[in-house]
Novice: 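Pasting a structure here, questions to come.
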Amino acid sequence: MEIAKAYDPKTAEESHYQRWEANGCFAPEINEDPAAPTYSIVIPPPNVTGSLHMGHALQHTIMDVLTRWKRMQGYRTLWLPGTDHAGISVQRKVVEQLKKDEGKSPLDIGREEFVRRAWAWKEQYGNTINEQMRREGASVDWSRHRFTMDESLSLAVRNVFCTLYSEGWIYRGLRIVNWCPRDKTVLSDLEVKEENKKDGKLVYLKYPVKGTDRTITVATTRPETMLGDTAVAVNPSDERYSDLIGRTVELPLTGREIPIIADEYVDAEFGTGAVKITPAHDPNDYLVGERHGLEQLLVMNEDGTMNAAAGKDFDGIDRFAARTMVIERFEELGLLEKIDDYEVSLPICERCKTVVEPILSKQWFVKMDEMRDIALELMRAEGVPHFHPQVPHEKVYTAWLENLKDWTISRQLWWGHQIPAWYDDEGNVFVARTEAEAKEKAGRKELKQDQDVLDTWFSSGLWAFSTFGWTGEATDQLTANSSQLTAETKTDLETFLPTDVLVTGRDIIFLWVSRMIMLTKKFTGKKAFEDVVVTGTVLAKDGKPMSKGRGNGVDPIEMFDKFGVDATRVYLASIATGADIRWNDSGIETYRNFANKIWNATRFCLMNSENAAVDHASLMDRSALSLPDRWIISRLNQTAMDVNRSLSRYEFHTAVSLLYHFVWDDFCDWYIELKKDEINSGDVDATSRILTILEIALRMLHPFMPYLTEELWLKLPGTSSQMHAKVYQNAEATIMLAAFPPGDASAVDQDAEAEMQLVIDTIRRVRNIRTEMNIKPSDRVAVHVAAAAEQQAILAANEAQVLKLARADKLVLAETLDVPKATAKAVITNAEIAVPLEGLIDFDKERERLQNQINKLDVELQRLNGQLSNEDFVNKAPAEKVEALRSRKAEIEQQTATLKTNLEALN
RNA sequence: GCCGACUUAGCUCAGUGGUAGAGCACUCGCUUCACACGCGAUAGGUCAGAAGUUCAAAUCUUCUAGUCGGCACCA
């Protein structure tokens with residue numbers, strides 16, 4: 001069979017995905033047994049404006065590994081893909097496009113037209129990440145792809161809103177919220193990030209106290225808000241100001257007169273001990289205002305400019321320009337006391353980096369206290385979700401829940417789920433799924449729908465169940481009597497919820513994961529998922545998070561082009577420990593090389609495969625198996641068991657490491673080398689066996705390296721759909737439906753492993769002698785081994801292999817050595833190795849070699865002696881530990897004695 | 001301010017009580033008929049520092065230092 005000398009990932013990547021998809025291999029229905037156990041994962045829906053970044057690639061790799069592994073195990077498997085509608089991001093893109101192409105604003109074209117264009121934008125650009133996922137090899141069921149604004153998911157949103165409203169969990173109220181003046185919308189606390197600014201200023205303003213010649217000084221980082229001050233507060237016990245309480249100040253620049261009040265909120269120690277109170281522009285001031293019945297004076301517009309209430313001079317001025325103006329005016333009036341440098345932390349809009357303005361606004365909120373209890377109860381009673389790694393995520397999650405504040409869910413956007421609330425002329429609100437129902441409730445009056453839409457995370461919070469068809473309508477097949485349903489009649493909702501695992505980054509545990517847990521439980525009574533795998537962050541080479549701003553990102557698509565999809569996937573899996581990790585090109589090269597190694601190992605097996613074929617029976621007849629066969633079968637089964645265990649614990653890096661070492665070290669470096677002569681000589685049985693070992697290895701590798709393994713598996717003679725797991729018997733042959741090797745404990749053969757160790761050690765010591773004594777690779781040597789009869793027999797049975805790999809032409813086995821003085825020697829467990837080097841040996845060098853071996857053993861001997869002479873150790877340590885050290889000590893002493901004898905013999 | 005994580009070979013990282021590991025880089029030798037994206041052989045760590053628990057600590061506890069993260073506050 002002709003097969004290229006090096007693996008070219010492109011070929012494999014282009015040929016298999018389409019066929020898998022077309023054959024329905026990704027859909028759970030490929031599984032012929034409707035009663036098979038299920039395994040389901042919903043994807044954290046990427047932003048529809050987004051393209052694939054390294055975080056996606058990492059998480060998708062993990063999800064695909066799990067999905068393919070479970071599918072191969074015969075589970076009825078579903079990995080459900082989809083995207084979210086990304087309210088703010090899409091809105092911004094469409095606004096920009098509109099301005100650029102037509103010079104128009106959204107208001108110019110109206111809401112209906114704007115939404116139409118947003119859909120058009122989504123249709124045109126929203127598919128990028130889906131195509132990239134195909135390239136990744138993601139085995140998602142595209143027939144179940146969901147979008148948060150799909151009709152069914154939107155119906156679910158409306159029903160959830162109505163239910164929560166009718167139960168009093170959703171309310172509309174006037175609160176201080178986070179306002180982004182650039183996006184002109186409110187944001188939830190989680191969408192605002194604090195940023196420390198060292199170059200901030202603390203401005204001290206003097207307010208004249210009415211009826212006196214005194215002033216009272218307040219300090220502020222936002223001087224422009226003084227235009228909205230409605231009081232000055234001091235601590236009631238602050239004697240400096242006690243005589244001023246109850247008086248008023250004449251608020252400069254405004255002509256307004258505001259009271260001086262006393263409130264415990266004020267810290268007399270901080271600043272001047274007097275605080276300006278702006279109830280409409282600061283959350284703490286808002287509370288003070290509530291306590292004292294102060295006016296809430298809003299002085300800012302939604303775009304961050306000051307409004308008419310700020311005064312004629314400031315009306316329409318941007319907030320930062322107004323800040324400068326206020327300072328200047330105070331200076332002119334002689335009322336600016338001083339300006340101090342001050343480190344401030346500014347709230348920043350997570351998406352657009354604009355400084356967020358705390359502002360009084362009427363918004364919709366979800367009350368979180370009862371919601372929180374749902375999640376805490378799940379964690380308390382069942383420990384759900386199980387976080388992997390548990391530390392630190394479980395603790396952070398729980399702590400966050402305990403301090404949860406209400407969630408602002410309205411957004412001043414047009415793209416999204418418009419809030420299903422209608423108002424009559426008097427401002428009465430009617431919440432209903434449809435306008436018709438609202439009118440019904442209102443007595444058929446003319447109503448106007450709320451202009452706001454819901455937070456995108458509100459709809460993604462339903463993702464775990466709305467994606468499976470839950471709409472909140474009476475027609476939903478829900479859980480109550482699902483036990484009466486047969487497997488065939490169960491809906492997706494009954495079949496796949498709860499999902500098995502959620503794989504995500506830590507940045508959206510609060511934003512999304514926690515809300516999904518609460519909402520899923522509330523509306524379906526089920527858990528959203530049992531486990532949450534929290535991946536670390538893939539950092540750039542500089543140790544910082546990858547970001548467009550820094551320009552330090554690594555594009556997964558470029559990595560696919562450069563190293564191949566499979567290599568990238570295995571590399572990502574190898575770093576999936578839960579900890580953050582720096583991107584490292586040499587790491588990914590390792591797995592490019594690994595892919596090539598697998599390719600070439602297969603190439604070798606296929607070069608001589610005439611008449612041979614994959615044949616699982618060929619491994620069963622123990623009497624026909626040689627030592628290397630028994631050994632590799634033992635290693636194979638041990639590896640399979642360990643890989644399964646690692647995957648079940650989400651220890652992806654361990655699984656990769658096990659597979660890497662099995663394939664490269666055990667299979668390629670030893671097994672292939674040991675069997676080479678047999679294979680090359682056309683031994684059909686030997687070739688069938690090696691093909692079979694390889695075939696099983698490819699299956700284990702498949703979840704990590706889907707393209708390479710499929711490409712090679714299909715080339716192996718004898719592979720067919722007969723090798724599929726039994727629930728996929730009628731599908732077209734593909735490795736992705738082959739049974740995942742479970743590993744067989746009874747095939748693990750400790751004797752074979754010990755015997756092989758003797759062969760390996762013998763070969764290694766001879767190679768070592770050759771290198772250190774500068775023997776040319778082309779020169780053959782004689783190998784003498786002194787050992788007991790049992791060891792002699794093992795080596796005798798593998799003489800050809802030892803000779804070949806040690807590049808020797810003679811193997812002499814005896815109880816004791818009979819060699820000339822000019823001989824290099826070494827000791828291994830249960831044997832002594834000697835290589836006569838007449839005329840070639842450098843006696844000084846051989847002395848040095850022997851002395852080095854003695855020295856190394858001596859270091860270990862010292863330590864063993866130390867431990868064994870410690871009575872506490874001997875008395876208290878487990879007996880088998882003590883015994884192990886004793887026997888190791890005896891061995892070392894014996895080996896040292898031999899080496900010393902040999903050293904003396906050279907003199 | 002509170003909470004947490006991390007600190008192991010030159011680099012990037014595994015390793016949750018019993019002889020310190022990997023990949024890459026480095027050194028030496030190989031056009032050995034699957035693979036130079038390779039083969040063979042070496043070298044390289046008082047596991048951040050200190051104290052404690054234990055027969056035994058990279059691993060458990062406490063403290064210190066440094067790095068990073070989350071939360072809170074911020075007139």
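Small disclaimer: the values here were computed from a predicted structure and weren't measured. Residue numbers begin at 1 in each chain, while the letters A, B, ... track the order of the sequences.
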Novice: Can you give each donor-acceptor pair under 3.5 Å made by side-chain atoms of residues 801-808 of chain A, sequence neighbours left out, with the distance rounded to 0.1 Å?
Specialist:
unit_1 : atom_1 : unit_2 : atom_2 : d
A:R807 : NE     : A:P777 : O      : 2.7
A:R807 : NH2    : A:P777 : O      : 3.4

Novice: Are any of A:N596's side-chain N or O atoms less than 4.0 Å away from OP1 or OP2 of B:G38?
Specialist: no

Novice: Verify the contact: side-chain N or O of A:R764 to OP1 or OP2 of B:A41, cut-off strictly under 4.0 Å; return yes or no.
Specialist: yes

Novice: What residues form a side chain to side chain contact (heavy atoms under 4.5 Å, CB included) with A:Q894, not counting sequence neighbours?
Specialist: A:T898

Novice: Which string of ( ) [ ] | and . matches RNA chain B, if you list each base 5' to 3' and count Watson-Crick or G-U pairs only when both distances are under 3.5 Å?
Specialist: ((((((((.[[[[.)..(..]]]]..((((.......))))......[[[[[..)....]]]]])))))))....

Novice: Can you classify the ring geometry of A:Y660 versus A:Y591 as parallel (below 30°), tilted (30 to 60°) or perpendicular (above 60°)?
Specialist: perpendicular

Novice: Going by salt bridge (Lys or Arg N to Asp or Glu O under 4.0 Å), name the residues that satisfy it together with A:R645, two or more places apart in sequence or in a different chain.
Specialist: A:D642

Novice: Would you list the protein and nucleotides 23-27 of chain B atom pairs, both N or O, that sit under 3.5 Å from each other?
Specialist:
unit_1 : atom_1 : unit_2 : atom_2 : d
B:G23  : O2'    : A:T590 : OG1    : 2.3

Novice: Can you find a side chain N or O atom of A:H393 that sits less than 4.0 Å from OP1 or OP2 on B:G4?
Specialist: no

Novice: The criterion is salt bridge (Lys or Arg N to Asp or Glu O under 4.0 Å); which residues satisfy it with A:D669, sequence neighbours excluded?
Specialist: none

Novice: In a table with atom names and distances, give each donor-acceptor pair under 3.5 Å that connects a side chain of residues 200-207 of chain A to protein atoms at least two apart or in another chain.
Specialist:
unit_1 : atom_1 : unit_2 : atom_2 : d
A:K201 : NZ     : A:D341 : OD1    : 2.7
A:Y207 : OH     : A:D229 : OD2    : 2.6

Novice: Mind listing the N/O atom pairs, protein and nucleotides 45-47 of chain B, below 3.5 Å?
Specialist:
none

Novice: Return no unless some side-chain N or O of A:R767 is found under 4.0 Å from OP1 or OP2 of B:A41.
Specialist: yes

Novice: Nearest-Å distance, CZ (A:F387) to P (B:G4)?
Specialist: 17 Å

Novice: Say we look at B:A9 and B:G21: how far apart would their C1' atoms be, to the nearest angstrom?
Specialist: 10 Å

Novice: Might you list the N or O atoms of the protein lying below 3.5 Å from N or O atoms in nucleotides 29-34 of chain B, with each pair's distance?
Specialist:
unit_1 : atom_1 : unit_2 : atom_2 : d
B:A34  : OP1    : A:K676 : NZ     : 3.4
B:A34  : O3'    : A:R603 : NH1    : 3.1
B:A34  : O2'    : A:N600 : OD1    : 2.5
B:A34  : O2'    : A:R603 : NH1    : 2.6
B:A34  : N7     : A:K676 : NZ     : 3.2
B:A34  : N6     : A:C668 : O      : 3.4
B:A34  : N6     : A:E673 : OE2    : 3.1
B:A34  : N3     : A:N600 : O      : 3.0
B:A34  : N3     : A:A601 : N      : 3.3

Novice: Could you check whether A:R506 pairs with A:D580 (Lys NZ or Arg NE/NH1/NH2 to Asp/Glu carboxylate O, under 4.0 Å)?
Specialist: yes

Novice: What's A:A579 touching, base or sugar-phosphate or nothing? Going by heavy atoms closer than 4.0 Å.
Specialist: sugar-phosphate

Novice: By ring pair (Phe, Tyr, Trp, His ring centres under 6.0 Å), which residues pair with A:Y707, not counting sequence neighbours?
Specialist: A:W20

Novice: Can you work out whether A:R592 or A:W583 has the more 5'-proximal nearest nucleotide on RNA chain B?
Specialist: A:W583

Novice: Could you give the distance separating B:A65 and B:G49 at their P atoms, to the nearest angstrom?
Specialist: 16 Å

Novice: At 4.0 Å (heavy atoms only), tell me whether A:R582 reaches a base, stays on the sugar-phosphate, or touches nothing.
Specialist: sugar-phosphate

Novice: Polar atom pairs between nucleotides 55-63 of chain B and protein, under 3.5 Å, N or O only, would you list them?
Specialist:
unit_1 : atom_1 : unit_2 : atom_2 : d
B:C55  : OP1    : A:K876 : NZ     : 2.7
B:C55  : O2'    : A:N870 : ND2    : 3.1

Novice: At under 4.0 Å between heavy atoms, how does the protein contact nucleotides 64-75 of chain B? Give one character per nucleotide, 5' to 3', with B, S or -.
Specialist: ------S--BBB

Novice: Closest approach to the side chain of A:K856, judged atom by atom: which nucleotide of B:U42, B:C37, B:A43 is it?
Specialist: B:A43

